[in-house]
Amino acid sequence: VPVPSVAQVPVAEGKSLQQTVEILTRKLELLGAEKQGTFCVDCETYHTAASTISSQGQTGKLMYVMHNSEYPLSCFALFENGPCLIADANFDILMVKLKGFFQNAKANKIESRGTRYQYCDFLVKVGTVTMGPSARGISVEVEYCPCVIANDCWNLLMEFMQSFMGNHTPGIPSVFGTKHDSIYSPADTMVQYMELFNKIRKQQQVPVAGIR
């Protein structure tokens, strides 16, 4: 699996979220990047059912069930600070049967959807992150396709990202720190998206908490 970096890009000053997406994609097209279809990454949040917590005396845990259009036959289940399970697409049906243990927090469904661009050996996905009917942020995923080991290509990735993200080029993703010289996997990409989605969720909660 190619090594990607997943990051959030803030909305440009004086611009709308959609205008900022257009600015980013225009920069990519000026570099010579070509459109290669669309992508979608989605994430549903499940929490431990109240009955399970009370009967077993456990603390509630969150589980994120995610899909990525790059891996259409797979479903990813990630626990908070825990392992990532890669299952086949039927896992969604299993979650319905497990509703006595895990409850779907439907209002928390979040997804990133947008356009894929190919530029030389790089694949770039610029997405609009939405929760319910409203757009909440911008995600940018950049993959360096020939490389599967994070440490071997981070400098190259960063240099390319600076060419169109400028000051918003991200630092090295936390998941890279645990990989060192080991081979990257699709689960590592999903962990980065999970962290991005949780960050965007929290950003939305702050202003609301201040209104009394």
Next on the checklist: Less than 4.5 Å apart, side chain to side chain, heavy atoms only: is that true for Ser163 and Leu31?
Outcome noted: yes
Item to check | Pairwise distance CD1(Ile23) to CD(Gln18) - rounded to 0.5 angstrom | outcome: 11.0 Å
Checklist outcome for this item: The side-chain hydrogen bond (donor to acceptor under 3.5 Å, both in side chains) partner of Arg116 among Glu70, Gln36, Glu143 is Glu70
Checklist entry - So, the side chain of Thr169 versus the backbone of Met158: is there a donor-acceptor pair under 3.5 Å, distance only? => result no
Checklist entry - Does Ser134 use its side chain to pair, donor to acceptor, with the backbone of Thr130 at less than 3.5 Å? => result no
Next on the checklist: Which heavy atom of Ala12 sits nearest to which heavy atom of Thr20, and what is that distance?
Outcome noted: N-OG1, 3.0 Å
Item to check | Derivation of the side chain to side chain contact (heavy atoms under 4.5 Å, CB included) call for Ser74 and Met190 | outcome: CA-CA 12 Å; Ser74 297; Met190 301 314 283; over 6 Å; no
Item to check | Common cluster, Leu123/Tyr71, ILVMFWY with side-chain heavy-atom separation under 4.5 Å | outcome: no
Item to check | Nearest heavy atoms of Ala135 and Thr128, plus distance in Å | outcome: CB-CG2, 3.8 Å
Checklist entry - Run the side chain to side chain contact (heavy atoms under 4.5 Å, CB included) check on Ser69 and Arg113 step by step: do they pass? => result CA-CA 10 Å; Ser69 54; Arg113 191 181 286 271; over 6 Å; no
Next on the checklist: How close do Ser139 and Ser112 get, counting heavy atoms only, and between which atoms?
Outcome noted: OG-OG, 2.7 Å
Next on the checklist: Students often mix this up, so state it plainly: with edges at 30° and 60°, are the rings of Phe164 and Phe160 parallel, tilted or perpendicular?
Outcome noted: tilted
Checklist entry - Is Val129 close to Gln8 at the side-chain level, that is, under 4.5 Å between some pair of heavy atoms? => result no
Checklist entry - How long is the gap from CZ on Phe79 to CG on Leu62, to the nearest 0.5 Å? => result 10.5 Å
Next on the checklist: For Ile110 and Arg201: C-alpha separation, side-chain torsions, deciding distance, then whether side chain to side chain contact (heavy atoms under 4.5 Å, CB included) applies.
Outcome noted: CA-CA 9 Å; Ile110 189 167; Arg201 277 196 196 98; 3.2 Å; yes
Checklist entry - Would you call Glu29 and Lys35 a side-chain contact if the rule is heavy atoms closer than 4.5 Å? => result yes
Checklist entry - Under a 4.5 Å cut-off applied to non-hydrogen side-chain atoms, are Tyr119 and Leu28 in contact? => result no
Next on the checklist: For the CD atom of Glu111 and the CD atom of Glu44, what is their distance to the nearest 0.5 Å?
Outcome noted: 10.0 Å
Next on the checklist: Tell me if a side-chain donor or acceptor on Asn198 pairs with a main-chain N or O of Glu195 at a distance below 3.5 Å.
Outcome noted: no
Next on the checklist: Determine whether the aromatic ring centres of residues Tyr64 and Phe197 are separated by less than 6.0 angstrom.
Outcome noted: no
Checklist entry - Are the side chain of Thr25 and the backbone of Val21 linked by a donor-acceptor contact shorter than 3.5 Å? => result yes
Checklist entry - Does the side chain of Cys43 reach to within under 4.5 Å of the side chain of Phe76, using non-hydrogen atoms? => result no
Checklist entry - Hey, are the side chains of Leu157 and Phe122 touching, using non-hydrogen atoms and a 4.5 Å cut-off? => result yes
Checklist entry - Can you tell me how far the OG atom of Ser5 sits from the CE atom of Met161, to the nearest 0.5 Å? => result 4.0 Å
Checklist entry - Hey, what do you get for SG (Cys84) to CG (Leu78), rounding to the nearest 0.5 Å? => result 3.5 Å
Next on the checklist: Do Lys99 and Asn104 make a side-chain contact, defined as non-hydrogen atoms from C-beta onward lying under 4.5 Å apart?
Outcome noted: no
Checklist entry - Looking at side-chain heavy atoms only, is the closest gap between Met165 and Val140 below 4.5 Å? => result yes
Checklist entry - Does one hydrophobic cluster hold both Leu24 and Val142, with members joined at side-chain heavy-atom distances below 4.5 Å? => result yes
Checklist outcome for this item: One should read off an interatomic distance between Tyr193 OH and Ile200 CD1, to the nearest 0.5 angstrom, of 10.5 Å
Checklist entry - At their closest point, which heavy atom of Met63 faces which heavy atom of Ala77, and how far apart are they? => result SD-CB, 4.2 Å
Checklist entry - For Val41 and Lys125, what are the C-alpha separation, side-chain angles and deciding distance, and is it a side chain to side chain contact (heavy atoms under 4.5 Å, CB included)? => result CA-CA 11 Å; Val41 178; Lys125 299 170 199 168; over 6 Å; no
Checklist entry - Just by distance, do the side chain of Gln192 and the backbone of Pro4 share a donor-acceptor pair under 3.5 Å? => result yes
